[in-house]
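By convention in this document, chain letters (A, B, ...) are assigned in the order of the sequence lines, proteins followed by strands, and residues within each chain are numbered from 1. Model, not experiment: these values are computed from the prediction.
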There are 2 protein chains.
Amino acid sequence: MKKFDKVRYQAMAAVSKALAHPTRLYIVENLKEKSCSVGELTDMIGDDISTVSKHLHILKQNGIVTDQKQGNQVFYKLLCPCVLNIFNCVLDVIQTNTTTSLNLLSRTGRNIR
Amino acid sequence: MKKFDKVRYQAMAAVSKALAHPTRLYIVENLKEKSCSVGELTDMIGDDISTVSKHLHILKQNGIVTDQKQGNQVFYKLLCPCVLNIFNCVLDVIQTNTTTSLNLLSRTGRNIR
DNA sequence: TGCACATTTGGTATAATAGCCAATTACTGT
DNA sequence: ACAGTAATTGGCTATTATACCAAATGTGCA
């Protein structure tokens, strides 16, 4: 693999990795409509606040969210709503998988219900 | 986070994780046009063939590629070309980041060239 | 059958990730 | 300055990923 390509794929992998965690996906999807404080997100998620803070840090580092202080709190919002497209693409892949599995099942004469 | 959501986000994270590696992204992009044998991919990538084989296994497990024996060799191909959309989305994110950085730079009076 | 080639699997060392707790930092209001 | 709330950081441990080598498996052909 050429060095040029390596750099490119590393950059892409970094973004993918940032999204490759259930909690971080949850966060991104919840920031779709409105920005949230760390505390709000923590309540929704149910992990320790330090854990949530670290997830947010990863998302920020990879240019997916930004933060803004408001008094006592820090609000995070989507920096790049284009990430939401990734959601659809990923769901497409999952749906394709599911469809394939269903076809296999039906070919064996079995069915879901 | 509701249990239902958890399952959903875990499924999505699994797909994202499968793509969250430079070599695997490289593989996916190279299977865009034509299917390739493990040996061919190994030559292009330059890692040990066992390493490449394991990457392919991960992609297969997550419904991104399929394999097919042809005599001595195993050819892999994209199961779900919709993954390629993810590439564009990820590149969008990266471009947004880059643009943001450039704006910051220019605001300081500096510039790339 | 036995050899050559292609791929997968097992084993292992190293590195990266995730989560919690405790300690620190930052801001507000008194 | 001090107490109270919000968030980040550091430290620790458990789990997971990655990459190599070596061994095993599978396939085609003499």
Query raised in the report: For the residue pair His55(A) and His21(A), does the interplanar ring angle fall in the parallel (under 30°), tilted (30 to 60°) or perpendicular (over 60°) class?
Result: tilted

Query - Sugar-phosphate, base or nothing in reach of Tyr76(B), heavy atoms under 4.0 Å - result: sugar-phosphate

Report task. Determine: side-chain N/O of Lys54(B) to OP1/OP2 of dG10(C), distance under 4.0 Å, yes or no. Result -> no

Report task. Please indicate whether Gln10(A) has more than 12 foreign heavy atoms, meaning atoms of other residues, nucleotides or ligands, lying under 6.0 Å from its CD. Result -> yes

Report task. Find out if a path of hydrophobic residues (ILVMFWY) with successive side-chain heavy-atom gaps under 4.5 Å connects Leu19(A) to Leu91(A). Result -> yes

Report task. Determine, step by step, whether Ile45(B) and Ile27(B) satisfy the side-chain contact (heavy atoms from CB on, under 4.5 Å) criterion, reporting the C-alpha distance in whole Å, the side-chain angles of both residues, the deciding distance to 0.1 Å, and the verdict. Result -> CA-CA 8 Å; Ile45(B) 292 164; Ile27(B) 290 172; 3.7 Å; yes

Report task. Check whether any side-chain heavy atom of Lys6(A) sits under 4.5 Å from a side-chain heavy atom of Tyr26(B), and report yes or no. Result -> no

Requested in this report: Would you indicate what Lys60(A) reaches in the nucleic acid, counting non-hydrogen atoms under 4.0 angstrom: base, sugar-phosphate, or nothing?
Outcome: nothing

Report task. Taking only Lys NZ, Arg NE, NH1 and NH2, and the carboxylate oxygens of Asp or Glu, determine whether Glu29(A) and Arg24(A) approach each other closer than 4.0 Å. Result -> no

Query raised in the report: How long is the line joining CG of Asp43(B) and P of dC5(C), in whole Å?
Result: 15 Å

Query - Heavy-atom side-chain contact between Val93(B) and Cys82(A) under 4.5 Å - result: yes

Query raised in the report: If you round to the nearest 0.5 Å, how far is NZ of Lys77(A) from SG of Cys36(A)?
Result: 13.0 Å

Query raised in the report: Given atom CD1 of Ile45(A) and atom C1' of dG19(C), what is their separation to the nearest angstrom?
Result: 13 Å

Query raised in the report: Can you tell me how far C1' of dA18(C) sits from NE2 of His55(A), to the nearest Å?
Result: 7 Å

**Report entry** Sequence-distant partners of Ala11(B), side-chain contact (heavy atoms from CB on, under 4.5 Å), two or more places apart
**Finding:** Ile94(A)

Query raised in the report: In Å and rounded to the nearest 0.5 Å, what is the OG to CD1 distance from Ser16(B) to Ile86(A)?
Result: 8.0 Å

Report summary line: Walking DNA chain C from its 5' end, the first of Asp47(A) and Asn72(A) to be reached, judged by nearest nucleotide, is Asp47(A)

**Report entry** Nucleotide nearest Lys69(A) (side chain, heavy atoms from C-beta), chosen from dG10(C), dT7(C), dC27(C)
**Finding:** dC27(C)

Requested in this report: May I ask you to verify if any side-chain N or O of Ser53(B) is less than 4.0 angstrom from the OP1 or OP2 atom of dT8(C)?
Outcome: yes

Requested in this report: With DNA chain C as reference, determine whether Ile58(A) or His57(B) sits nearer its 5' end, using the nearest nucleotide of each.
Outcome: His57(B)

Query raised in the report: What integer distance in Å separates Lys17(B):NZ from dT17(C):C1'?
Result: 9 Å

**Report entry** Contacting residues from residues 23-40 of chain A, given that a heavy atom lies under 4.0 angstrom of DNA chain C
**Finding:** Arg24(A)

Report task. Take the protein atom CZ of Phe75(B) and the nucleotide atom C1' of dT8(C), then report the distance between them rounded to whole Å. Result -> 17 Å

Query - Side-chain N or O of His21(A) closer than 4.0 Å to phosphate OP1/OP2 of dG19(C) - result: yes

Query raised in the report: How many Å lie between CG on Leu19(A) and C1' on dT17(C), as a whole number?
Result: 16 Å

Query raised in the report: Once you round it to whole Å, what is the distance between P of dA18(C) and CD of Gln61(A)?
Result: 12 Å

Query raised in the report: What is the 5' to 3' range of DNA chain D, first to last nucleotide, that sits under 4.0 Å from any heavy atom of chain B?
Result: dA17(D) to dG28(D)

Query raised in the report: Quick one: Ile49(B) CD1 to dT8(C) C1', roughly how many Å, whole number?
Result: 9 Å

